[in-house]
Amino acid sequence: MHWLNGCVNDLGGKTMAMDKTFDAKTAEPRIFAEWEKAGAFKAGANAKPGAETYCIQLPPPNVTGVLHVGHAFNHTLMDILTRWKRMQGFDVLFQPGLDHAGIATQLVVEKQMAAAGEPKRADMGRQAFLAKIWDWKKVSGGTILEQDKRIGSGMDYDRVAFTMSGADNAPDGEEGNFHDAVIKVFVQMYNDGLIYRGKRLVNWDPHFETAISDLEVENIEVDGHMWHFKYPLAGDETYTYVEKDEDGNIVLSEERDYISIATTRPETMLGDGAVAVHKDDERYAPIVGKLCEIPVGPKEQRRLIPIITDPYPDMTFGSGAVKITGAHDFNDYEVAKRGNIPMYALMDTKGAMRADGRPYAEEAAIAQRIATGEEDFDEAKIAAMNMVPEEYRGLDRFEARKRVVADITAEGLAVMVANPAADLSSPAAASTSSSGSTGGSPTTEIPGQAGDDGSDTNEPAFIPYVENKKIMQPRAERGGTVIEPALTDQWFVDTDKIVGPALDAVRDGTVKIMPESGEKVYFHWLENIEPWCISRQLWWGHQIPVWYGPPVAFLTDHLTDAPSQTFCAASESEAIEKARDYYGNEVEIGFLSDKQAAEFASNNWVTDGSGHSSSEPITKVYLRRDPDVLDTWFSSGLWPFGTLGWPDRTAELEKYFPSDVLVTGQDILFFWVARMMMMSYAIEDKEPFHTVYLHQLVRDEKGEKMSKTRGNVLDPLEIVDKYGADALRFTNAQMAALGGVLKISEDKIKGYRNFGTKLWNAFSFADHYEIPNPGDQPMPQVSQTLNKWIIGETAKVREEVDQALTDYHFNTAANALYAFTWGKVCDWYVEFSKPILQGDDESAKKETQKTLRWVLDQACIMLHPIMPFITEELWGLAETREKMGVHADWPTYTAADLVDPDADREMNWVIALIENTRSARAQVHVPAGAKVPLLVQGLDPKGQAAWDNNQTLIQRLARIESLTSVDAFPKGCVTIPMDGGTFGIPLEGLIDVQEEIARLEKSMGKLAKELGGLKGRLNNPKFVASAPEEVVAEAQENLALRENEETQLKAAIARLAELG
RNA sequence: GGGUGAUUAGCUCAGUUGGUAGAGCGCUUCCUUUACACGGAAGAUGUCGGGAGUUCGAGCCUCUCAUCACCCA
């Protein structure tokens, strides 16, 4: 054939010798190129007229990504499904694409710029920086899709979608609909009241100076410290602090003029709004409602905060009292919201202590009036207040922490404990310390202060109480910066309003999540869904289509404190229209540049430099575009229809949306799957797909996550180089048990490479026997039992594979094909066919030749979705083919039509006889090569027929010289019990009688166990009464067989016993 | 702390209306027999995590305990 070189010559269709093994390294790229040239993966390729559609959309990898084993696994599964459906004649689209991956991409490009010594992005400006990223994307973006070709992913590469395509600043060649889609969705959702702006505590990345989603934060356990400080009570109040043990015995009772607070983040004390204790905590009951003092900052302006009750504090943890810093901790945020406690933000966008605002003394005075209820407050007022004392302003948060700890300790407000390093015999150290804290052991380590006071020879008797403990620290998934919870203005999707249909769809089965456990997790998450923060303070992404302008009152009153006006519009021109409607036609509308917008101060809407007096009306206003971009998941949430041309009603959209199945990692169920569900329903009022197939992370052979730092990363491309793509793909399919843990190992891959070679050699065998290989031939009509049998087996495996793939049981499909190809075709059919192929019966020979070719073709077809390369190569060895293997017609024959029960029974009997004979021979050490005579006793007609039909091949495979029927076995005979007769190998004088008896007794032992079970059940009247008929019948049948076998074994043992 | 899952051969894992346990790899022995040593033949190994319950019958269903993993706080 023309599309595959080599292997076929012009000498009358006779094939040249095949290579010893399949040379994956050279063949695979060649074959993939041929597929692409033939357009084999184009949408609708090989579709039968009027075919149903089948669509899978690739979860878009990051544009910066390179192929790792997780992708390879994920992509293989989708490729298996789409290849399978394509061969069945469906109208298939396997839609590829890439995600612009805001933060990840920006990080990559900024790193490169830094390495090249180029100016920082802030210096180069937004447009120039974006141009840089686009340049980078052009050169290195999408490497992964090229790598995908190495593993055989059959996607429609002419349709690669990109989530930033068509953006305002996109260069030539990056046209596309995605940007329009994103903007249209935003505007639509804004107009529908599904998107709003608000102040929320978000995860703030101080390095990128952006909010990131909860899901992009990972909590890492690190060594941290828990400091214990005293918050003195206001007005010299005291109370009796009583601590009891489990039995209620008082273990400590003392007068205190403070409340002890434990914290891992002392620097946030400056922003405390309250101290909270549990309402059931008797220790603090006397002081609830009183005020205490934050023990930091200038002495004269110490703030007082209330002691409140809340369910949040854990009475058994730390001192049981918690400082509430609503602006810097998520738990505190909830407590503060519940208790209407002011949340003072202490840090700027870089994570340094704020340096803006009024002098601390003024701020503290206002805060004091708020705390005592003398002054009202609202969100904006609190946000403007800077509660950082001058001495800490501008310090990095970690530096501020050290300073705060040192200052409090110096003032004597740290909780002290006895110093274990001090001389315990001294009276001071032996006395009871004032610490009443529970949990944790004191430590001598004082971070940042070691050696400051006291010398090595003269340890202080008491030291500050600092626990060394593991704390969970939030880190940015990208970059690893310590996340700072921050109160900021962000855009949110009101998920409560759109989550309904997404939940219903799964509840009512419109969308099925596999494995089912995924549904539970999905419900749990969506039923407790939080507002989705969609703004990111990045540049690489879809800029939020919102412009701000002055309130209309500003035109006449420049000092108005009315809030600014928001215009949400799909474009600048639309924004102008909206602004005109608002300001009136006489007012000229302009836009602030990026630079101006960046420097914008909220009270200055006039930027033409002219001075305006409040009496002078303004005739031109400048709109400022929101500088933020949308969360990457906002755009990828539109993937199911965005890839198909939406908002245009393209033919592809009509055809392929909703798609069929989403195959993705369990880890992005919330990130992505849930969002696609919500967005699809919100925008198109349709489910995005009908099935979600979730799989786990691919791990190394020990089950550990692969990571560069661990050094256990397997590179799929190296595997492909070493073992071929098919081996990797087969391994992937074979591990894909629903919900299973995915552990990949090189040994496994090697094993499936060997499997490919086995298939290869089966073809090699056919060539070796000079079996014609004409190409597409109908299933042969056969009369030979052997051929009937293998055709039936083929039908069985076809059903099994189809069922398995329908159920997404890739492992079952792979294992069934493995067992069929190796265990049935190679181990038995090929061996059985040899005597016929070498024999004189021309018609049997011809029939077997045809059957063998047919069976091998079927194996190729059915293995193709999993092992496309080697099967394509083998397919192409035929003289003619109507289509390439990638488009070969998937079979539809059924076991009901093709399984011949008689042939089945006969061949299984033959196989059992050969196996039993081999086993008996091996165990009595008959040399493997030696041919032995075989005796038979009491062979029934069926057995006789089976023997007669298959005599040659039994003799060949069991190495039998002759068969003689006898009435009684001679003494010293190895016994082979079979259904329908007992066989024996006469070996008098050659066998070790004791060994043979041992062998038979072992068989008896196994039998006895089975018999016991069977008899036990059948003798139980309740079993016979309550079990289904067929189960009872099966048991009875089984019992008869086993009893027969038992009789034969007993006789054999008796014979040997005589001998011994 | 909340959630989800796992525990089956030496290892890695299958095992769906509950019918009496399998595969691959590894291991042992033998075999270079004309498709294949990336091979062939034979073989060994299980209290299906512990305990209890439902059932004629439980690896599978229920409860409980133990250990582990992952996700979210």
Side-chain angles (χ1 to χ4, degrees), chain A residues 17-18 20-22 214-215 217-219 314 317 330-331 334 472 474 515-525 528 666-667 669-670 696-697 699 701-705 723-724 727 731 734-769 807 809 811-812 814-816 818-819 822-823 826-827 830-831 833-834 838 914-915 918-923 925-929 956-959 1009-1010 1012-1014 1016-1028 1030-1032 1034-1035 1038:
Chain A
M18 289 168 64
K20 211 169 155 51
T21 56
F22 175 59
D214 297 351
L215 299 165
V217 175
E218 49 186 8
N219 288 294
D314 178 351
F317 188 81
F330 285 95
N331 289 314
E334 294 302 323
M472 296 306 282
E516 215 174 316
S517 62
E519 296 193 350
K520 288 190 203 169
V521 178
Y522 179 85
F523 290 140
H524 189 259
W525 196 69
N528 301 291
Q666 215 160 29
D667 50 332
L669 178 63
F670 311 135
Q696 299 211 0
L697 229 61
R699 298 159 188 286
E701 53 198 319
K702 296 189 196 93
E704 284 178 22
K705 273 190 192 176
Y723 300 106
T731 307
Q734 192 276 341
M735 354 185 242
L738 214 43
V741 177
L742 306 174
K743 295 183 190 172
I744 194 165
S745 75
E746 212 171 314
D747 274 348
K748 222 188 231 180
I749 297 162
K750 202 162 136 190
Y752 293 117
R753 186 272 319 264
N754 294 354
F755 172 65
T757 306
K758 189 74 180 173
L759 178 70
W760 182 264
N761 277 307
F763 276 81
S764 183
F765 162 80
D767 279 3
H768 185 84
Y769 276 69
D807 297 339
H809 292 174
N811 59 322
T812 310
N815 288 335
Y818 186 99
W822 201 316
C826 292
D827 284 351
V830 164
E831 291 305 325
S833 71
K834 284 176 184 172
Q838 291 166 329
I914 293 167
E915 279 179 341
R918 279 173 175 172
S919 176
R921 289 170 57 120
Q923 286 181 49
H925 312 301
V926 174
R956 182 188 177 111
L957 294 179
R959 301 196 81 74
K1009 213 174 147 190
E1010 276 189 78
L1014 287 165
R1017 271 195 286 165
L1018 287 165
N1019 290 340
N1020 182 342
K1022 282 186 182 167
F1023 170 69
V1024 183
S1026 25
E1030 63 268 22
V1031 172
V1032 177
E1034 195 189 320
N1038 234 328

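Each chain gets a letter, A, B and so on, in the order its sequence line appears, and its residues count up from 1.
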Calculate the interatomic distance between A/Leu759 atom CG and B/C38 atom P; express it in whole Å. 17 Å
Between B/U45 and B/C61, how far is it from one C1' atom to the other, in whole Å? 30 Å
Nearest-Å distance for atom pair CZ/C1', residues A/Phe1023 and B/A58: 14 Å
Taking only the P atom of each, what is the distance from B/A9 to B/G50 in whole angstrom? 11 Å
With heavy atoms under 4.0 Å as the rule, sort A/Asn1020 into base, sugar-phosphate or nothing. sugar-phosphate
Integer angstrom distance from the C1' of B/C60 to that of B/G53: 15 Å
How many whole angstroms separate atom NZ of A/Lys834 from atom P of B/U34? 9 Å
Is it true that the side chains of A/Gln734 and A/Tyr818 contain a donor and an acceptor less than 3.5 Å apart? no
Pick base, sugar-phosphate or nothing for A/Lys750, based on heavy-atom distances below 4.0 Å to the nucleic acid. nothing
Is A/Ser764 touching bases, backbone alone, or none of the nucleic acid, heavy atoms closer than 4.0 Å? sugar-phosphate
Checking A/Ser1026 now: which residues fulfil side-chain hydrogen bond (donor to acceptor under 3.5 Å, both in side chains) with it, not counting sequence neighbours? none
In whole Å, measure the gap between the P atoms of B/G19 and B/G3 for me. 32 Å
Per the atom types in the model, does the base of B/U20 pair as donor or acceptor with the side chain of A/Arg1017 at under 3.5 Å? yes
Between A/Cys826 and A/Thr21, which residue's closest nucleotide on RNA chain B lies nearer the 5′ terminus? A/Cys826
So, does A/Ser919 use its side chain to make a donor-acceptor pair with the main chain of A/Glu915 at under 3.5 Å? no
Consecutive-pair stems (at least three Watson-Crick or G-U pairs, under 3.5 Å) that include RNA chain B: B:1-7 with B:66-72, B:10-13 with B:22-25, B:27-31 with B:39-43, B:49-53 with B:61-65
Give the rounded distance in Å between these two atoms: NE2 of A/His809 and C1' of B/A23. 17 Å
Student check: side-chain heavy atoms of A/Phe765 and A/Ser833 closer than 4.5 Å: yes
Please state the C1' separation for the pair B/C48 and B/A14 - nearest whole angstrom. 13 Å
Distance, rounded to the nearest Å, where A/Phe523 contributes CZ and B/U4 contributes P: 13 Å
For nucleotides 39-48 of chain B, read 5' to 3', which letter fits each nucleotide if B means a protein heavy atom sits under 4.0 Å from the base, S means only the sugar-phosphate is that close, and - means neither? SSSSSS----
Which residues pass the side-chain hydrogen bond (donor to acceptor under 3.5 Å, both in side chains) test with A/Asn331, not counting sequence neighbours? A/Tyr312
Side-chain N or O of A/Lys748 closer than 4.0 Å to phosphate OP1/OP2 of B/C11: no
Could you check how far CH2 of A/Trp525 sits from P of B/C72, rounded to whole Å? 10 Å
Which nucleotide in B/C56, B/C25, B/A35 has an atom nearest any side-chain atom of A/Tyr769: B/A35
NA contact type, A/Val1024, heavy-atom cut-off 4.0 Å: base, sugar-phosphate, or nothing? nothing
Hits for side-chain hydrogen bond (donor to acceptor under 3.5 Å, both in side chains) against A/Asp807, two or more places apart or cross-chain, chain-then-number order -> A/Gln803
Non-neighbouring partners of A/Asn1020 that pass side-chain contact (heavy atoms from CB on, under 4.5 Å), sequence neighbours left out: A/Lys1022, A/Phe1023
Partners meeting side-chain contact (heavy atoms from CB on, under 4.5 Å) with A/Thr21 (sequence neighbours left out): A/Thr757
For A/Arg1017, check side-chain hydrogen bond (donor to acceptor under 3.5 Å, both in side chains) against everything at least two apart and list the hits. none
Over how many whole Å does the gap from A/Phe765 atom CZ to B/U34 atom P extend? 13 Å
What is the distance, to the nearest angstrom, from the CD atom on A/Glu831 to the C1' atom on B/C36? 10 Å
Got a sec, which residues hit side-chain contact (heavy atoms from CB on, under 4.5 Å) with A/Ala766, two or more places apart in sequence or on another chain? A/Ile771, A/Leu852, A/Arg853, A/Leu856
